[in-house]
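Residue numbers begin at 1 in each chain, while the letters A, B, ... track the order of the sequences.
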Amino acid sequence: MPELPEVETTRRILEPHLLGQKIGRIKHQDPHKYRRTDLAQGRTVVSAGRRGKFLIFGLDKNLELIVHLGMTGGFRFEPASHLRVTLELPKQRLYFTDARRFGKWWVVDAGDYSGLPLLAKMGPEPLSSDFTPEKLQASLAKTRRTIKDILLMQEAVAGVGNIYVDESLWQARIHPLRRARSLKPGEIARLHHAIRDVIGRALEKGGSTLSDNSYQQPSGEPGYFQHEHQVYQRKGLPCLRCGTPIERIAVGQRGSHFCPRCQVNK
DNA sequence: AACGTACCCTGCCGGC
DNA sequence: TGCCGGCAGGGTACGT
């Protein structure tokens, strides 16, 4: 599923194709999921940014086109199955495919995220200097939730989803069901480092393409970080640190993979 | 206010 | 072999 590394990889690839280009028609059949996109037609793209898992394309006339890829959304340079949106540009077309249709588009006045409350309260970018162990500690201290829950909520840190939470918790040797506010300073320091390390390495590899093949770069090329997963979708396989079989449990509604020996729920 | 849960959606998988 | 129920999960709505 697209998380920060996949969304940022998409952003970097799309940026040169969009900057300075005037958007023509945007064709789709689902106005509920692709809201007000008529307002982007005829506008020129002036920036291509990202916040957490949201792509934010700045347009002239002080507008922004915001895209969330959901579970299976992705841009393609060529038509593909599960085509949902076609975006016409002067020299090419961009296609948006989304098998499970959890992806959404919005057009808003620049910076007005009143219709996207999650974006408004998004936590620090994990690879920025804004993300510090102190800020992480402060976020974890004010909740009774588990560490897995709070990391998925995007307010403690932006852009981390199910894959990279599991990978980060494994690297930091923290059980997913630990109460967030019970983490000791040393554990928070390990977790902070693990999140930055995992997200950074995943980004270098172009993200993860899972067995369902849903995430692809716009060219159709996959990501390569799935080959470096330590726990995600490795249930029953030996922990690559200690050999104990990886377990899978439900946390909230999410599958969670962890090593019962390395990650003890104290 | 904070937390838990149902829901959205559809391809895929396992069981029969 | 083919059908079908259940599962996966980011984000949101809603009830407690």
Side-chain angles (χ1 to χ4, degrees), chain A residues 1-8 10 28-35 50-56 66-76 80-85 96-106 108 113-123 125-126 138-169 176-182 195 199 202 207-216 223 226 229 231-236 246-258:
Chain A
M1 62 230 65
E3 306 181 22
L4 190 156
E6 293 78 18
V7 178
E8 176 62 17
T10 299
H28 62 82
Q29 298 178 321
D30 198 340
H32 178 69
K33 291 182 182 295
Y34 314 119
R35 293 172 210 177
R50 178 194 56 75
R51 195 71 178 85
K53 304 172 196 171
F54 291 83
L55 290 164
I56 303 180
I66 299 177
V67 177
H68 196 291
L69 303 180
M71 295 285 303
T72 54
F75 285 90
R76 300 286 187 275
S81 57
H82 310 300
L83 179 65
R84 307 295 181 195
V85 185
F96 183 75
T97 73
D98 188 5
R100 272 140 99 175
R101 304 178 64 220
F102 279 14
K104 286 182 182 166
W105 295 32
W106 300 257
V108 302
Y113 302 143
S114 51
L116 297 97
L118 178 63
L119 192 47
K121 63 186 179 183
M122 185 77 57
E125 289 290 322
S139 293
L140 303 189
K142 59 188 181 190
T143 179
R144 290 167 36 201
R145 291 179 184 276
T146 64
I147 186 61
K148 168 118 191 191
D149 267 348
I150 201 68
L151 291 176
L152 287 176
M153 288 179 66
Q154 309 297 303
E155 294 170 45
V157 60
V160 181
N162 209 37
I163 297 172
Y164 301 115
V165 167
D166 283 6
E167 293 296 317
S168 297
L169 288 174
L177 288 176
R178 282 283 300 284
R179 295 287 147 186
R181 66 180 180 187
S182 79
I195 291 169
I199 294 291
S208 303
T209 297
L210 302 179
S211 52
D212 70 1
N213 232 23
S214 65
Y215 172 71
Q216 298 173 24
Q226 64 279 7
H229 289 181
V231 284
Y232 191 77
Q233 290 190 340
R234 294 195 66 249
K235 178 187 173 186
I246 297 301
E247 291 184 9
R248 184 180 186 284
I249 59 172
V251 180
Q253 331 256 9
R254 306 288 177 258
S256 294
H257 313 74
F258 69 103

What nucleic acid atoms does A/Thr143 come within less than 4.0 Å of, heavy atoms only: base, sugar-phosphate, or nothing?
sugar-phosphate
5' precedence on DNA chain B between A/Asp98 and A/Arg145 (nearest-nucleotide basis):
A/Arg145
Under 4.0 Å between any heavy atoms, over every strand shown, what does A/Gly252 touch: base, sugar-phosphate, or nothing? Just pick one.
nothing
Test item: A/Asn162 and A/Met1 side chains (from C-beta on) under 4.5 Å apart, heavy atoms
yes
To the nearest Å, how far apart are A/Asp30 CG and B/dC8 C1'?
11 Å
Against A/Ser208, only a single residue in A/His229, A/Glu167, A/Gln226, A/Glu3 fulfils side-chain hydrogen bond (donor to acceptor under 3.5 Å, both in side chains); can you say which?
A/His229
Without decimals, in angstroms, what is the distance between A/Asn162 CG and C/dC7 C1'?
14 Å
Check whether any side-chain N or O of A/His68 sits under 4.0 Å from OP1 or OP2 of C/dG11, and answer yes or no.
yes
Atom-pair distance (NZ on A/Lys148; C1' on B/dG4), nearest Å:
17 Å
Produce the list of close N/O pairs, under 3.5 Å, pairing protein atoms with atoms of nucleotides 12-15 of chain C; give distances to one decimal.
none

Measure CE/A/Met122 against C1'/C/dG10 and give the value in whole Å, please.
11 Å
Does A/Gln253 contact C/dA8 through a side-chain donor or acceptor facing the base, at a distance under 3.5 Å?
no
For the residue pair A/His28 and A/Tyr34, categorise the inter-ring angle as parallel (less than 30°), tilted (30 to 60°) or perpendicular (more than 60°).
perpendicular
Could you check whether any side-chain heavy atom of A/Arg101 comes within less than 4.5 Å of a side-chain heavy atom of A/His82, counting everything from C-beta outward?
no
Using a 4.0 Å heavy-atom cut-off, does A/Met71 contact any base of the nucleic acid, only the sugar-phosphate backbone, or nothing at all?
base
Given that both distances must come in under 3.5 Å, which nucleotide forms a Watson-Crick or G-U wobble pair with C/dT1?
none
Under 3.5 Å donor-acceptor, A/Gln154 side chain and A/Leu152 backbone
yes
Interatomic distance where CD belongs to A/Glu155 and P belongs to B/dA2 [whole Å]:
10 Å
Distance check needed: B/dC8 P versus A/Arg84 CZ, whole Å only.
16 Å
Trace of the salt bridge (charged side-chain N to carboxylate O under 4.0 Å, His left out) decision for A/Asp166 with A/Lys148:
CA-CA 8 Å; A/Asp166 283 6; A/Lys148 168 118 191 191; 2.6 Å; yes
What does A/Tyr164 touch in the nucleic acid at a heavy-atom separation under 4.0 angstrom: a base, only the sugar-phosphate, or nothing?
nothing
Atom CE of A/Met153 to atom P of C/dG10: distance rounded to whole Å?
13 Å
Tell me whether A/Phe102 is stacked on the nucleobase of C/dG11, counting only the six-membered base ring and applying the 5.5 Å and 30° thresholds.
no
Mind checking side-chain contact (heavy atoms from CB on, under 4.5 Å) for A/Ala120 and listing every partner two or more places apart, or none if nothing turns up?
A/Tyr113
So what does A/Glu3 hit on the nucleic acid, given a heavy-atom distance under 4.0 Å: a base, only sugar-phosphate, or nothing?
nothing
Nearest-Å distance for atom pair CG/P, residues A/Leu69 and C/dG11
10 Å
